Amino acid sequence: MLSTVIPIALFIVSLALVLNLWRLVIGPSLPDRILALDTMYINAIALLVLYGIYQQTAFYFEAALLIAVMGFVGTVVLSKYLLRGDIIE
Amino acid sequence: MTPSTKTQDTETPVSFWRRCWPRPVLSWLLWVLWLLLVNELSVGHMLLALFWAWLIPFYTHSFWPGVKSLRRPWLALKFLSVVVWDILVANWVVARLILRPADRLQPAFMLLPLDVQEDFTITLLASTISLTPGTVSADLSIDRRHLLIHALHVDDEQQAIAQIKQRYEAPLKEIFEC
Amino acid sequence: MSLVLEIIISICLLLGAGFALVGSIGLARLPDFYMRLHGPTKASTLGVGGMIVGSLIFFSTRGEGVSLHEILIAIFLFITAPVSAHIVGKAALHLQLPAVERTRGLSAINRSDIR
């Protein structure tokens, strides 16, 4: 049963990623694009977790955790850049 | 919440003990975090986790802001369950709002007058407001007396603000500040 | 693995995927930035949370002992999502992005002590 449910879930999350990509391309403003990237990394974590269950391995856990950490830092740094025009004051 | 209740009795004023374990709550959190990270419950890893839990607060405690003691663990637990419940239930509401025609939504900016004044409590309140669906905290006024909130769909601003104050701010104030 | 467990895991995964999709639909179709901010911060985060719960159940019932480390991802996301939403919102206010005209309380964002 899981072997049919997981591909469906993978498809749904991929659809979500395509929608994010669309927002990333059309913008219109920079915060919109940052928000789209933010959502994309969250959905990438979802994809990795799903794929980990599909392959029955815990190897992808570290990758997912790293994406979570780095994605958050990236979002904050980009927003900070928009706020100040500079990252380190 | 168990780590913080355990540390209640270690916070007795033995200064030597405090010097060795400057942040008991942080130490317990780090201990649990390390065990979760390695995903293994062996004696060796417990000892290694204990070492990290001692070393990291010992060398970094001067960078951390002031200690915040949890006044009422049980109230905190109740508050946490209320928030989790709100996240789950109200996400359905937001899902329906997002999927219906966008011109029927009535967004609004609201100013929430703050009763809580400490950084940590304001942060917790803002995070709670952002996580419970329908509202996002967008900015804090310079004098820290107002929080700017954007709501996706609101019929009555006064009522929404009163609800946030009563449901989230009052318990937080009681837990950390009273 | 028993059928009941598989059904529970499937429900978690599908609910999670559904919420992730709802968040992205919100991001793609809502009319102004401040409304778009709502979808990703909440629905997508809850979506990942649902999948983590599914993964937790799956790896804990394989007979190799309890596996709880996925919960770190969920905790981290639930702590950071409001923070990134707040700071992206702040950046948008700083750039004075337009909100749709029927938004109430627009005067609040023009107060000098806010921005």
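Nothing here was measured: the structure is a model prediction, and the numbers come from that model. Letters A, B, ... are given to chains in the order of the sequence lines, protein chains preceding strands, and every chain is numbered from 1.
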> Rounded to the nearest 0.5 Å, how far apart are CG of C:Leu72 and CG of B:Leu36?
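The distance works out to 4.5 Å.
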> With respect to chain B, which residue among C:Leu30, C:Thr41, C:Leu46, C:Thr45 yields the maximal number of heavy-atom pairs within a distance under 4.5 Å?
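Of the options given, most contacts go to C:Leu46.
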> Out of B:Leu33, B:Ile129, B:Ile98, return the one with the most heavy atom pairs under 4.5 angstrom to chain C.
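Looking at each option in turn, the highest pair count goes to B:Ile98.
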> Under the side-chain contact (heavy atoms from CB on, under 4.5 Å) rule, what do C:His69 and B:Leu37 come out as? Steps first, then yes or no, please.
CA-CA 6 Å; C:His69 63 185; B:Leu37 204 58; over 6 Å; no
> To the nearest 0.5 Å, what is the distance between NE2 on B:His153 and CE on C:Met35?
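It is 10.0 Å, given to the nearest 0.5 Å.
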> Taking all non-hydrogen atoms of both residues into account, name the closest pair between C:Pro82 and B:Leu131 and its distance.
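Residues C:Pro82 and B:Leu131, closest heavy atoms: CG-CG, 3.8 Å.
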> For B:Val94, which atoms come within 4.5 Å of any heavy atom of chain C: side chain, backbone, both, or neither?
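For B:Val94, no heavy atom lies under 4.5 Å from chain C.
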> If I measure from the heavy atoms of chain B, does C:Ile87 come under 4.5 Å with its side chain, its backbone, both, or neither?
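No part of C:Ile87 comes within 4.5 Å of chain B.
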> Could you pull out all residues at least two apart from B:Trp85 that satisfy ring-ring contact (aromatic ring centres under 6.0 Å, His included)?
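If we apply the ring-ring contact (aromatic ring centres under 6.0 Å, His included) test to B:Trp85, skipping adjacent residues, there are no hits.
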> Is the ring pair B:His150/C:Tyr34 parallel, tilted or perpendicular, if the boundaries are 30 and 60 degrees?
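The arrangement is tilted - the two ring planes meet at 30° to 60°.
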> Given heavy-atom pairs under 4.5 angstrom as the criterion, report whether the side chain, backbone, both or neither of C:Leu15 touches chain B.
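Side chain only.
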> Below 4.5 Å, heavy-atom pairs only: which of B:Leu99, B:Leu88, B:Leu97 has the largest tally toward chain C?
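Of the candidates given, the most pairs with chain C belong to B:Leu99.
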> With sequence neighbours excluded, tell me which residues meet side-chain contact (heavy atoms from CB on, under 4.5 Å) with C:Val4.
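Scan of C:Val4 (side-chain contact (heavy atoms from CB on, under 4.5 Å), adjacent residues dropped) gives C:Ser2, C:Ile8.
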> Select, from B:Val136, B:Leu152, B:Val154, the one with the greatest count of heavy-atom pairs under 4.5 Å involving chain C.
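The option with the most such pairs is B:Leu152.
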> At a heavy-atom distance under 4.5 Å, which candidate from B:Ser127, B:Ala108, B:Ser137, B:Pro107 has the highest pair count against chain C?
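Looking at each option in turn, the highest pair count goes to B:Pro107.
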> If I measure from the heavy atoms of chain B, does C:Phe19 come under 4.5 Å with its side chain, its backbone, both, or neither?
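The answer is the side chain of C:Phe19.
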> Return the option, out of B:Thr123, B:Thr128, B:Thr135, with the maximum number of heavy-atom pairs under 4.5 Å with chain C.
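Winner by heavy-atom pair count: B:Thr135.
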